[in-house]
Structures are given as C-alpha cells and as structure tokens.
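Structure first, then comments.
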Amino acid sequence: MTQDKKDHDLQIDDLVLSASEREADESAIFSAVNNKLDASPRSWFRLPSIGANTAVAGFAVMMLAAGFVGYNLPDIAIGSTEDGLLLLAMGEPSLIDGFPSVLTGIDQ
Amino acid sequence: MPDREQHQAAALISEIARGDRRALGLLITDHGRRLTMVATRFLGREDEAEEVVQDVFVRVWRHAGSYDPAKAKVSTWLYRIAVNLCIDRQRKRALLRLVGLDDTSTEVPDAQPTAADRIYGAQRLAKVRAAMDNLPSRQRMALLLCAVAELGNSEIADAMGISVGAVEQLLVRARRSLRQISDQDEDMMT
C-alpha cells in the first residue's frame with residue numbers, strides 16, 4: 001500500500017510538471033540579467049538600502065520633530081506674550097508647560 | 001541534486017563570486033528554465049515570473065561571495081531566493097489590488113499547447129493548472145518545488161523556511177486536492 005501511495009503521488013507530481021511546462025530562453029534571461037547588473041550604480045555610490053516601512057516611519061518622525069520645533073521655536077525664541085497666548089488659544093498648553101515663562105512669554 | 005552536479009554548481013558560484021559573467025550564464029542555462037516554470041506556475045503571470053527569475057540571478061551575482069556550500073546546495077539556495085522574491089511579488093500585487101492599481105491586462109493566458117498537452121490532453125492540463133491556481137500559496141509552492149524543481153523535502157523546508165513536517169503536510173494536502181481533479185477526469189474517460 002505504501003508503494004501504491006507513492007506511485008499515486010508520483011502520478012500527481014508528473015501531472016504538475018506537465019501542467020507547468022513552458023519554454024524559457026536562457027540567453028534572453030542572461031542578457032536581461034547583464035543589463036540589470038550594468039545599469040545598477042557602483043557600490044561605493046550606492047546608498048544603504050533601508051526598508052520602505054523604515055523610511056516612511058523615519059520621515060514621519062522627522063516631520064513631527066520639525067513641526068514641533070518649528071511650531072514652538074518662534075515662541076520660545078521670541079518669548080512674546082502674543083505667541084504664547086496663541087498657543088493657549090489653539091489648545092496646546094502642553095507645549096508650553098515646563099517652559100519658563102520668560103521663554104513662553106506668558107506672564108505667570 | 002547529485003553530488004557531482006552540486007560540486008560543479010558550487011564551482012560556478014565561486015567563479016561568479018570572482019566576477020565571471022560567463023559562469024553566471026552557465027548557471028542560468030542549468031537552472032533558468034525550471035526556475036521560470038516554478039515562478040510562472042506560482043505567480044500565474046509569465047511577465048512577472050521572468051522578472052523574478054532575472055532578479056534571482058542578479059542576487060546570485062551580488063551575493064555569490066557569501067554562498068556557503070556547507071549550509072545548502074546551490075539549487076536550494078537558488079530556490080530560497082526565488083521563493084522569497086515570489087512571495088514579495090504576491091504581496092505587492094495584493095497591495096496594488098487593494099488600492100485598485102493592479103494591471104490585470106498584462107496577464108498572459110496559458111502558453112501554446114506543449115507536447116505534454118498532447119499526451120495528457122490540453123483540457124485536462126488546463127484543469128490541473130486551474131486547480132493549482134486555487135491551491136493555498138504555501139501548498140502550491142511546496143508542490144512546485146517538489147514536482148518541478150525536484151527538491152527533496154528537507155531542501156523544500158530550507159527553501160521555504162519551514163519544518164520538514166510542515167512540508168509533508170503541505171504536499172499531502174496539495175496532492176489530495178489535485179487528485180480529486182485527476183480522478184474525476186479518469187472517471188469521465190472510462
């Protein structure tokens with residue numbers, strides 16, 4: 001029975017092989033591979049490869065950081081009461097908390 | 001892969017690592033067709049399969065220096081690369097389909113009738129192809145690596161990154177599904 005089962009498996013595998021038959025032009029594959037290799041930049045010039053997810057996440061963090069700094073920097077640097085009040089008005093007291101009043105421009 | 005073939009293939013990899021493009025051509029001659037068959041039947045698209053096979057050999061060229069014959073046979077290593085690239089393609093296609101950008105117009109219908117079609121009957125093989133397309137991806141890949149690439153179960157396990165037991169289960173299920181199609185056709189013919 002074991003041998004019959006194995007023969008049956010071989011019959012299926014043979015069908016699969018037949019169903020998968022297709023011609024392949026090895027010289028065309030070789031030519032295409034050579035073109036790809038010749039088109040790729042030289043290794044010393046190649047940027048390190050990073051995953052797409054990492055790149056997107058990194059970019060998002062950068063934008064958030066830039067936004068945070070850019071959003072607060074004028075107020076911190078100038079220390080104007082007006083800007084500090086603007087922050088409060090926009091409901092962002094957390095951005096002001098912790099900063100000395102001289103920096104936020106808000107009179108405590 | 002018999003030991004002599006593995007020895008010759010490993011020697012080719014060494015030459016490729018030294019920058020011998022001719023050796024790469026020989027490797028493509030030895031393995032290109034079977035890789036193309038596996039990729040085509042797995043992905044269902046000839047154009048994508050051809051891209052995958054090209055990328056396999058691009059990676060071979062770039063990483064030939066890191067190939068260790070003690071860890072895997074050349075054929076196993078090639079098919080491990082092919083499996084990963086095929087899965088990547090499949091995921092990318094699923095994502096494109098999700099956002100409505102998958103271009104199904106480039107799908108190529110089944111190739112011209114082959115000698116196998118004449119032996120088994122084109123209609124029967126078309127049913128087998130359709131049945132294979134409906135198999136879960138892992139079953140389809142395991143079956144293709146067994147039947148087309150002629151890898152052993154341990155090599156399939158290595159190529160797919162799963163256990164040998166898992167490979168055996170995948171093959172049992174895949175063959176069972178195809179056997180139903182095959183038995184139905186035989187009943188009709190008798």
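So you know, we letter chains A, B, ... as the sequences are listed, proteins then strands, and number each from 1. As the structure is a computational prediction, the values presented were derived from the model and not from experiment.
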Value rounded to 0.5 Å, distance of CZ in B/Arg138 from CE in B/Met160: 5.5 Å
Interatomic spacing from OG1 in B/Thr36 to CD1 in A/Ile29 - rounded to 0.5 Å: 4.0 Å
Would you mind telling me which of A/Ala24, A/Ser20, A/Ser27 has the largest number of heavy-atom pairs within less than 4.5 Å of chain B? A/Ser20
Does B/Arg62 use its side chain to pair, donor to acceptor, with the backbone of A/Leu37 at less than 3.5 Å? no
Report the option among B/Met37, B/Glu50, B/Arg21 that has the most heavy-atom pairs separated by less than 4.5 Å from atoms of chain A. B/Arg21
Using the salt bridge (charged side-chain N to carboxylate O under 4.0 Å, His left out) rule, take B/Glu150 and B/Arg34 through it: C-alpha gap first, then chi angles, then the decisive distance, then the call. CA-CA 9 Å; B/Glu150 296 181 348; B/Arg34 293 269 168 156; 3.5 Å; yes
Please classify the contact of A/Asp25 with chain B as side chain, backbone, both or neither, using a heavy-atom distance under 4.5 Å. neither
